[in-house]
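Have a look at the structure below before the remarks.
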Amino acid sequence: MKRLSLVILLTLTSPAMAAPFNVTEAWFRALPGNLPAGGYFEGQNTTKNDVAILGAQSDGCSTVMIHKSSNSGGLNKMEMVDQVQVAAGGRVSFAPGGYHLMCIRPTSLMKIGGKVPVVLHLSDGTRVAAAFAVRGASGK
Ligand SMILES: [Cu+2]
């Protein structure tokens, strides 16, 4: 009986549950003029279910698309992606040279040194909000 109450106590005092989908190291690469800004982050699916990232929206962009960069035969190309699967307990990396958010026609919110809010749309209906730091062309 004593052991049981100890277990209950430990459960009650465990740290707050992590968000079902964690977004960290989020940033945009802002380019001069109205050029599209690439958005990068590390995502972690902490649930026991597979999910997919279906899209995103941001007040910092007229439109946000999901792109994937690749290099074949020395040729860099970029294509639109419908969704990005993230397995249960898995991670996904949006990084230069691979998956990225493409912020089309950035708004005046996209200022180097500032932050831009982004909402990711997941296949389970979840909306994940994250603040993306705005960096310059060098990624700094
Ligand atoms: Cu792109």
Side-chain angles (χ1 to χ4, degrees):
M1 196 58 198
K2 211 164 204 167
R3 181 169 293 169
L4 181 64
S5 48
L6 183 64
V7 168
I8 291 169
L9 187 68
L10 285 173
T11 306
L12 288 175
T13 56
S14 65
M17 295 265 296
F21 194 91
N22 283 324
V23 173
T24 54
E25 294 166 61
W27 63 284
F28 276 118
R29 186 199 303 278
L31 298 175
N34 272 338
L35 287 170
Y40 310 106
F41 62 91
E42 298 294 318
Q44 186 182 14
N45 175 7
T46 64
T47 71
K48 291 184 165 56
N49 303 304
D50 298 351
V51 292
I53 302 169
L54 302 181
Q57 64 188 69
S58 172
D59 288 344
C61 319
S62 302
T63 308
V64 183
M65 299 193 285
I66 301 176
H67 280 179
K68 187 179 187 186
S69 296
S70 59
N71 184 300
S72 63
L75 211 67
N76 287 315
K77 61 173 189 174
M78 192 158 77
E79 55 198 351
M80 272 185 70
V81 174
D82 283 341
Q83 52 178 266
V84 177
Q85 296 287 335
V86 190
R91 292 174 163 274
V92 67
S93 198
F94 276 54
Y99 289 122
H100 55 277
L101 298 179
M102 196 94 265
C103 172
I104 310 296
R105 275 176 288 120
T107 69
S108 57
L109 279 183
M110 189 69 72
K111 283 203 169 59
I112 294 171
K115 294 216 165 179
V116 166
V118 173
V119 177
L120 297 178
H121 298 184
L122 304 187
S123 54
D124 64 357
T126 309
R127 298 281 186 268
V128 181
F132 279 51
V134 183
R135 302 181 188 165
S138 68
K140 300 241 157 88

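Numbering starts at 1 and runs along the sequence shown.
In plain terms, the two heavy atoms of Cys61 and Thr107 that are nearest each other are N-CG2, 3.9 Å. Residues Ala56 and Leu120 share a closest heavy-atom pair of CB-CD2, 3.8 Å. The two atoms that bring Asn45 and Ala87 nearest to each other are ND2-O, 3.1 Å, heavy atoms only. Taking all atoms of both residues into account, the shortest heavy-atom contact from Trp27 to Pro96 is CZ2-CG, 4.3 Å. Of all non-hydrogen atoms in Ala137 and Arg29, the two that sit nearest each other are O-NH1, 2.6 Å. When every heavy atom of Pro36 is checked against every heavy atom of Ile104, the shortest pair comes out as CB-CD1, 4.2 Å.
Taken to the nearest 0.5 Å, the CG atom of Leu101 stands 9.0 Å off from the OG atom of Ser58. Taken to the nearest 0.5 Å, the CG atom of Leu122 stands 12.0 Å off from the CG atom of Asn49. Remark: Ile66 CD1 to Leu54 CG distance equals 7.0 Å, nearest 0.5 Å. Note that the CD1 atom of Ile53 and the OG1 atom of Thr126 stand 11.5 Å from one another [nearest 0.5 Å]. Atom NZ of Lys77 and atom OG of Ser70 lie 5.0 Å apart (nearest 0.5 Å).
By the neighbour-count criterion of 12 heavy atoms within 6.0 Å, atom CZ of Arg91 is sparsely surrounded, having that number or fewer from other residues, nucleotides or ligands.
Applying the ring-ring contact (aromatic ring centres under 6.0 Å, His included) test to residues at least two apart or on different chains, the pairs with a partner in residues 52-97 are Phe41-Phe94, His67-His100, Phe94-Tyr99.
Clustering ILVMFWY residues whenever any of their side-chain heavy atoms sit less than 4.5 angstrom apart, transitively, puts Val116 in the very cluster that holds Val128. Note on Leu31: it does not cluster hydrophobically with Tyr40, by side-chain heavy-atom contacts below 4.5 Å among ILVMFWY residues. In the hydrophobic clustering of ILVMFWY residues, with side-chain heavy atoms under 4.5 Å counting as a link, Met65 and Val92 come out apart. Under the 4.5 Å side-chain contact rule for hydrophobic residues, Ile112 and Val118 share a cluster. A single hydrophobic cluster is seen to contain both Leu109 and Phe132, as judged by linkage of ILVMFWY side chains at heavy-atom distances under 4.5 Å, directly or through other members.
Residues Lys68 and Met78 fail the side-chain proximity criterion, which asks for heavy atoms closer than 4.5 Å. Within the 4.5 Å cutoff, side-chain heavy atoms of Phe21 are placed close to those of Val51. Considering only heavy atoms from C-beta on, Ser123 stays 4.5 Å or farther from Gln83 through its side chain.
By the side chain to side chain donor-acceptor pair (under 3.5 Å) test, Asn71 is found to be paired with Asn76, residues two or more places apart in sequence or in another chain being considered.
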Side chain to side chain contact (heavy atoms under 4.5 Å, CB included) between Lys111 and Val134, intermediate numbers included: CA-CA 6 Å; Lys111 283 203 169 59; Val134 183; 5.7 Å; no

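Thr46 contributes a side-chain N or O that, together with a main-chain N or O of Pro20, makes up a donor-acceptor pair within less than 3.5 Å. Side-chain atoms of Asn34 do not come within 3.5 Å of backbone N or O of Arg105 as any donor-acceptor pair.
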